[in-house]
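Each remark here refers to the structure printed beneath this line.
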Amino acid sequence: MININENLCDFCGTCVSVCPVDCIELFEAKLKINNEKCIACNLCVDICPLGVLEVEDEE
Amino acid sequence: MKSNWDVIVVGGGPAGSMAAWNSAKDGASVLMLEKDREIGAPVRCGEGVGEVGLSNIVKIDKRWIKAKIDKMNIISPDNTSVKVNFKEKEHGYILDRRIFDNDLALLASQAGVTVKTKSYVHGLTFSNDGFVNGVKANVLGKDVKLNSKIVIGADGVESRIGRFAGLKTAFNMCDIGSCVQAVVSGIDIDPNTMQFYVGDKYSPGGYLWIFPKGKDIANIGLGILGDRCNSGRPKDFLDKFLSKHYPNSSILNYTAGGVPLAKTLDKIVTDGLVLVGDAARTVNPLSGGGVVSGMNNGRLAGIRVAEAIKENNFSKEFLKKYSDNWHKADGKNHERLYKIKNFILSLTDDDLNHIAKKVSAIPFEKRSVLKVFKIVVWRKPSLILDVIKAF
């Protein structure tokens with residue numbers, strides 16, 4: 001699971017551009033991650049210029 | 001709004017507007033959809049362009065220009081400052097993209113293009129034989145299906161339109177810059193000089209830029225190469241730089257964004273669809289500048305799309321001529337710049353300091369961009385020819 005800190009997000013779409021499975025959707029001030037499609041590669045976490053995305057530890 | 005169009009352009013940036021404008025020139029019906037509520041905002045761009053390149057494509061309006069640039073200053077990791085005069089053909093502008101993008105969309109609309117904002121395309125539709133024949137969109141809050149003969153994907157670095165049609169547009173981490181930029185005021189700078197800070201301490205795998213928009217205001221930003229993002233967040237690097245160099249400044253605006261630093265995608269057309277601009281990766285992979293090249297690319301796409309509408313042929317074989325024309329115009333040069341970029345990525349901060357010292361030894365009036373890059377690649381002579389052809 002990836003956590004989105006919407007307060008920090010600039011909705012720039014950089015995460016969308018690196019997602020290999022196209023599971024991130026962005027429209028105006030909304031960012032959605034489809035967790036069913038997500039393969040937890042975390043590239044979006046790495047590329048985000050602002051540190052908006054965070055990996056949530058799965059117990 | 002009518003449902004049937006000859007051409008639907010997804011994205012209202014400079015590449016989209018140029019593609020739409022040129023598609024409409026022979027009377028095709030063209031719809032351009034922008035997802036944001038305003039064309040030109042938010043600005044996610046350093047706003048630097050070459051004067052010659054821009055004037056070859058549109059008549060330049062003074063309202064677009066915040067500053068004229070005739071030299072650059074490169075600062076190495078050990079603080080060696082190297083000023084280089086631009087030749088006249090290298091002069092540039094820092095634009096106001098908000099006004100600029102708006103005017104380009106206006107020019108397109110005056111040529112007959114219908115423009116809609118707050119219009120988000122979330123899918124494509126296909127004919128039985130697999131041709132893209134329309135879009136699924138949310139236009140001003142309403143879900144609609146719109147039919148087209150050709151879709152032009154000008155949807156920027158995200159490039160989901162290409163993916164919907166099966167083109168592989170997701171970036172490798174080594175081909176994209178993770179960038180932040182602030183509009184900073186209350187600073188004392190030369191309004192005609194663009195400044196570049198290079199080296200890992202400023203921006204791993206990229207550079208930090210100061211692009212003046214006047215004598216006391218500038219775009220200050222930086223990009224870190226995707227596969228070097230483990231060295232830290234771009235935002236943290238920028239905040240550190242600003243607090244050290246401009247502690248008493250004001251920040252009028254912060255933006256983030258991804259910049260393609262890649263060669264143009266191999267496949268930018270398919271049946272019923274073409275990609276343009278950032279979505280096709282038409283950005284200069286060395287500088288990260290993509291406004292003029294995106295516009296030129298959009299123009300070439302629009303010209304071919306207009307021919308396709310006239311000939312009633314929307315196949316990838318017919319549309320591919322656009323891709324070939326682009327390769328001849330700028331694409332081939334971008335392959336050279338990409339090679340040069342990859343070599344520069346192999347340089348250490350010590351190498352950059354050494355290069356700065358060597359350039360400093362040349363008298364100011366004898367320095368040129370070409371000479372700088374010849375020195376940059378001196379360890380790899382096989383690149384000299386690429387440098388000469390590229391600059």
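Below, chains carry the letters A, B, ... as their sequence lines are ordered, and counting in each starts from 1.
- When all heavy atoms of B/M173 and A/V18 are compared, the closest pair comes out as SD-CG1, 4.0 Å.
- If you tally non-hydrogen atom pairs under 4.5 Å between each of B/K235, B/K118, B/R160 and chain A, the highest count goes to B/R160.
- Counting heavy-atom neighbours within 6.0 Å of B/D143 CG, excluding the residue itself, gives a total above 12.
- Interface residue B/T255: backbone and side-chain heavy atoms are both found under 4.5 Å from chain A.
- A distance of 8.5 Å separates CG of B/D227 from CD1 of A/I47, quoted to the nearest 0.5 Å.
- Surrounding CZ of B/R233 are more than 12 heavy atoms belonging to other residues, nucleotides or ligands, all under 6.0 Å away.
- Within 6.0 Å of atom NZ in A/K30, 12 or fewer heavy atoms from other residues, nucleotides or ligands are found, so the atom counts as exposed in its surroundings.
- Among B/G257, B/A170, B/G258, B/G226, the residue with the largest count of heavy-atom pairs under 4.5 Å with chain A is B/G257.
- Within the 4.5 angstrom heavy-atom criterion, only side-chain atoms of B/F164, from C-beta onward, approach chain A.
- Here B/R163 contributes atom CZ and A/S17 contributes atom OG; the two are 7.5 Å apart, rounded to the nearest 0.5 Å.
- Heavy atoms from other residues, nucleotides or ligands lying under 6.0 Å from CD of A/E54 number 12 at most.
- By the 4.5 Å heavy-atom criterion applied to side chains, A/D10 and B/R44 are counted as neighbours.
- A heavy-atom distance below 4.5 Å is not found between the side chains of A/D46 and B/N230.
- The environment of NZ in A/K32 is sparse: at most 12 heavy-atom neighbours from other residues, nucleotides or ligands sit within 6.0 Å.
- Residue contact with chain B, scored on non-hydrogen atoms closer than 4.5 Å, involves the backbone and the side chain of A/C48 alike.
- The closest side-chain heavy-atom distance from B/S178 to A/P49 is below 4.5 Å.
- Residue A/L26 touches chain B through both its backbone and its side chain, counting heavy-atom pairs closer than 4.5 Å.
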